[in-house]
Amino acid sequence: MATTTCRHTPCCPAADAFDRDAAHVISARPEQGWSLLCNGVVVFEDFGELLPNGQSIDSRRVDLLAASPHRRSA
């Protein structure tokens, strides 16, 4: 389910969707190592995630790098 704050077309993936990190960045704090996505997910520089319900998700770095060849490991 997409958040009501998303005004993108098509709507950003919901926070509980597998592709949730494809949502638009609405606030980036690279100096602190995190970004807030339109769907309420906080993504950390190690690709770990904090969902809006408070659940933390371990890094999916390998999966995300395989799915996004334009991303390079640091």
Side-chain angles (χ1 to χ4, degrees):
M1 164 191 319
T3 62
T4 57
T5 59
C6 182
R7 291 186 167 80
H8 303 107
T9 303
C11 287
C12 290
D16 59 353
F18 182 75
D19 61 345
R20 64 184 156 262
D21 24 33
H24 290 261
V25 173
I26 59 171
S27 181
R29 298 293 184 258
E31 69 280 1
Q32 295 178 353
W34 61 270
S35 295
L36 175 63
L37 305 181
C38 183
N39 57 9
V41 174
V42 177
V43 180
F44 297 96
E45 64 184 12
D46 70 351
F47 297 107
E49 299 170 342
L50 182 61
L51 303 184
N53 66 4
Q55 179 184 6
S56 64
I57 305 294
D58 287 337
S59 173
R60 297 188 302 161
R61 184 177 189 87
V62 174
D63 295 337
L64 294 174
L65 288 174
S68 303
H70 65 281
R71 294 186 185 190
R72 300 287 179 241
S73 59

## Note on the structure
So CG of Leu37 and CG of Leu51: to nearest 0.5 Å the spacing works out to 10.5 Å
### Task
State which residues pass side chain to side chain donor-acceptor pair (under 3.5 Å) with Gln32; sequence neighbours excluded, sorted by chain then number.
Trp34
### Query
How far apart are the closest heavy atoms of Arg20 and Asn39, and which atoms are they?
O-ND2, 3.0 Å
### Query
Which residues satisfy the side chain to side chain contact (heavy atoms under 4.5 Å, CB included) test with Ala28, sequence neighbours excluded?
Val25, Pro30, Ser35
### Nearest non-hydrogen partners of Pro52 and Ala15, listed with the distance
CD-CB, 3.6 Å
### Message
Quick check for you: to the nearest 0.5 Å, what is the distance between Arg29 atom CZ and Glu45 atom CD?
### Response
14.5 Å
